[in-house]
Q: 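A single structure is presented below for examination.
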Amino acid sequence: VNENLRNVPAYAHALARRGEQNSRHAIATPALVCDLALLQENIERMALETRAAGVALRPHVKSHKSTFIVTRQIAAGASGISCAKIGEAEAIIRNLGDDDLDGPLSVLLTSPFVGHQSAQRVAALAAHCHVITVVDHVDGVDELERAACEANVVIEVLCDVDVGLHRTGVPGPDEAVEVARRIDNAPHLRFGGVQGYAGHLQHVVGREHRRAAVIAATQQLRDVIDAIEASGFDVTLRTGGGTGTSSLDIEVGVLNELQPGSYVFMDRQYRDALGDDREGRYHQSLTLLTTVISSNHDGFVTVDAGWKAMATDAGVPSVLGHDAATFAFFGDEHGRVTNGDGPAFQRGERLELLPPHCDTTIDRYEVIWLVHDDVVVDVIEVVARGRSQ
Ligand SMILES: Cc1ncc(COP(=O)(O)O)c(C=O)c1O
């Protein structure tokens, strides 16, 4: 634990009681709490599933933003990490300890970027790790080549392919071939393959629906791969996929690398979408601890977690262990909780919420408390939080 954290009064009690029975109750709320054993099981399960299928695993850091979890993912066999933003990768690289990994880290930047400054930062990263980046436009290739040339590095580049999300990616085979050719002509760039991320399919309800959608999206990627190969280029790396489609991506068999993120924690949104499906069987390892701070009304209490305590892009959290309980936002700092027909919650009572969406919630917290039952085992820093640039 670094000095900055030790000096935060809100963390002091729980930090001082690490390893003691009941130390979980010393965590000041609202706080993110992660069950270490469940986290580790999730990490190992995805590693096992991909390894058994002969598919590489490059977990997405955007979900946890923590070097502690990166280290465990690599130890479990991940071939590298994925980062959504350059800033995320910079923070992870800067905060990894010298002894955290056996060899150099391989980092895939999964979003295209624009402009010389960004390209310079990517080239600078290449001095500290193996960088792979994506582009979806020939101008992006030119920007990257200029920066790589100035820094005298060689960067591996993938063509990002739109497989239906319409967020980024070349729209089709012709543009993909143009991008691959431009990369191949750039002396400081090496064409590595393609990325096709079907973000719009991760939460499709019903495994058969999801399978049909994955097959259709993958066909788009396959068409692009065929066109690039027909033009004489090897499409060595075929990366994409997320938690919700992970085992379907393996089954369909075009991707040879998966980049899931949420599987380490899961969240209410994934629980609702995936239920007991194979992809839904990762543990809910992350919860949001909150305290009842006022109970002066019949029928509801007020807790200390509101809009600021969690991301709300995926609706409301559920209250763990209380099926009939409801949560409603009660302002920036507060939530309104009922307990259905159950006994009223009491002032001072602690409740555990299942965050609606893990990635966007994590980004609001400086630390995550690692627990085993009622014992605080450790605290980890969300080193890349806010690093969206
Ligand atoms: C490009 C990319 N790859 C992988 C993921 C991981 O998805 P998930 O968290 O659903 O596993 C994301 C998440 O948004 C993403 O944007």
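Note that ligands are numbered from 1 as they come in the structure, with each ligand's atoms numbered from 1 the same way.
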Q: Look at the side chain of Gln202 and the backbone N and O of Thr245, then say whether any donor-acceptor pair between them is shorter than 3.5 Å.
A: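 Such a contact is found between Gln202 side chain and Thr245 backbone.
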Q: Is it the case that the side chain of Asn42 and the backbone of His283 share a donor-acceptor pair, with hydrogens and angles ignored and the cut-off at 3.5 Å?
A: yes
Q: Could you please spell out the steps behind the ring pair (Phe, Tyr, Trp, His ring centres under 6.0 Å) verdict for Tyr270 and His357?
A: CA-CA 8 Å; Tyr270 255 137; His357 182 189; 8.2 Å; no
Q: Taking the six-membered ring of Tyr282, is NZ or CZ of Arg45 closer than 6.0 Å to its centre and within 45° of its axis?
A: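 Here Arg45 passes the 6.0 Å and 45° test against Tyr282.
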Q: Would you please test Ile93 and Leu125 for side-chain contact (heavy atoms from CB on, under 4.5 Å) and show each step?
A: CA-CA 8 Å; Ile93 295 292; Leu125 265 183; 4.1 Å; yes
Q: Got a sec, which residues hit side-chain hydrogen bond (donor to acceptor under 3.5 Å, both in side chains) with Arg94, two or more places apart in sequence or on another chain?
A: none
Q: Note every protein N or O atom lying under 3.5 Å from an N or O atom of ligand 1, pairing the names and giving the distance.
A:
| from | atom 1 | to | atom 2 | distance (Å) |
| --- | --- | --- | --- | --- |
| ligand 1 | 3 (N) | Gln259 | OE1 | 2.6 |
| ligand 1 | 9 (O) | Ser262 | N | 3.0 |
| ligand 1 | 9 (O) | Ser262 | OG | 2.6 |
| ligand 1 | 10 (O) | Tyr270 | OH | 2.6 |
| ligand 1 | 11 (O) | Thr243 | N | 2.8 |
| ligand 1 | 11 (O) | Thr243 | OG1 | 2.6 |
| ligand 1 | 11 (O) | Gly261 | N | 2.8 |
| ligand 1 | 11 (O) | Ser262 | N | 3.3 |
| ligand 1 | 14 (O) | Lys62 | NZ | 2.9 |
| ligand 1 | 14 (O) | Tyr197 | OH | 3.4 |
| ligand 1 | 16 (O) | Arg167 | NH2 | 3.2 |

